[in-house]
Asks: 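Can you read through this structure? Questions will come right after.
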Amino acid sequence: MDLQQAKEKLQKFGQEHVLKYYDELTEAEKQDLLKQIDETDFAILENCKNLGKSEGRGKFEPLAAMQVSEIEKRHDEFFNAGVETIKAGKVGAVLLAGGMGTRLGSDNPKGMYDIGLTKHVYIFQRIIENLLDTVKQAGGTYIHLFIMTSEKNNDITISFLKEHNYFGYPEDKVTFFKQDMAPASDYNGKVYMEGKGRISTSPNGNAGWYASMLKAGLRDVILKEGIEWMDIFAVDNVLQRIADPCFVGATVIEGVACGAKVVRKNAPNEGVGVMCLEDGKPSIVEYYELTQEMMDAKDENGDPAYNYGVILNYLFNEKALFAIAQNTLPLHIVEKKIPYLDENGNLIKPEKPNGCKFEQLVLDMIHELDSCLPYEVVREHEFAPIKNPTGKDSVESARELCKLNGIEL
Ligand code: UTP
């Protein structure tokens, strides 16, 4: 794209300020900016007017979870089927590590955060140690670990993991890929600049993982290795069990397109997304979308009918995902703190949210599929998310839960 074309594109979307410092840039910076203008989807910014407005939703109905009691009863059946599936090389794992971790407030990728007290215990280390537990259960079969990063944290993530020898995981079983970025804007949809020659961007949400894998040519690897199931999980849950054999076995045996790990809610209005059916298809209803009637609804055993929250650990059938890969997912407009250049060209790191980012979420992929098994896990043993430095879902609460599970920090 040349300068004239860039001007025309920017004018069309009312974003002419992007070229404010163009004349001050070096030739290379000019080329980079023109390329970025060419690649940026400015039309997305229109959506910031929908901030806070909820999408029209369909008709919700409960979706029964497979409960711990049943899983315990059928343990051997599930475990053996899961081990067999893993040993056959049919399971891959995808670590979602493209997020910015703004709430945690560290400049480094979240996985580099050290939660240790008497020694180093990095979040990435905890994740890989957990994955190694599965490898052991599967008789030493290594699961291919795909790690999604973003343009903002890719290089540092790779060098950190290399430096630490992948915490004992074989290098040839680790593949990195980058997710796409989306522009970030103020509340009026005016794109922010993060440098004189750089439009402000942020990762386009954790649903970007599958499209980005396809774009990176990784489906060839998936097909070549015969991977049929992909366990997708968040970087920030330090008790995350990855591709655990019982979960894999139950999902395979039930013949569903996906399995979703869920935990029993600790209060009817707990702030977690709840597994349900929406217009007859699996879906996740956000806690603020639950009506009083839904919170009061009971299942046939008299237990709350909307009682199982998702923890961002899903086992997807890869063929089922490929079949829906072209479907458009809803766009979520999220209010965030976005560093920006002020009028005088100084970079400001805001203390409070100052604009919108645009994300597609992995939970919306579930609704595109025909079936999903909510699979209950014990919260205290498998769910210790780190979102904040202190308080709820924090480094502090995760440390407590690690202690409870005998993990030395
Ligand atoms: P969160 O939604 O908690 O976002 O991500 P975050 O970026 O880590 O943290 P905040 O909201 O800025 O504080 C849940 C999981 O999804 C991944 C994160 O890395 C985390 O594992 N994620 C999120 C991505 O991989 N890409 C994204 O674009 C967003």
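Both counts, for ligands and for their atoms, begin at 1 and track the order of listing. Predicted model, so just to flag it, every value in this text is computed and none were measured.
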Asks: Using the ring of F322 (Phe, Tyr or Trp, six-membered ring only), decide whether R219 places NZ or CZ under 6.0 Å from its centre and within 45 degrees of its axis.
Replies: yes

Asks: As a test of reading the model: which residues have a non-hydrogen atom less than 4.0 Å away from ligand 1?
Replies: L96, A97, G98, G99, M100, G101, T102, R103, K110, M148, Q179, P203, N204, G205, N206, A234, V235, D236, L312, K336, K387

Asks: Please confirm whether F176 and F146 have ring centers closer than 6.0 angstrom.
Replies: no

Asks: Measure from the ring center of H332 to the ring center of F358 and say whether it is less than 6.0 Å.
Replies: no

Asks: Is the distance between the ring centroids of H144 and Y142 under 6.0 Å?
Replies: no

Asks: May I ask you to check if K261 and Y314 form a cation-pi contact, with NZ or CZ under 6.0 angstrom from the six-membered ring centre and within 45° of the axis?
Replies: no

Asks: Suppose we screen for salt bridge (Lys or Arg N to Asp or Glu O under 4.0 Å). Which residues come up paired with E29, at least two apart in sequence or across chains?
Replies: none

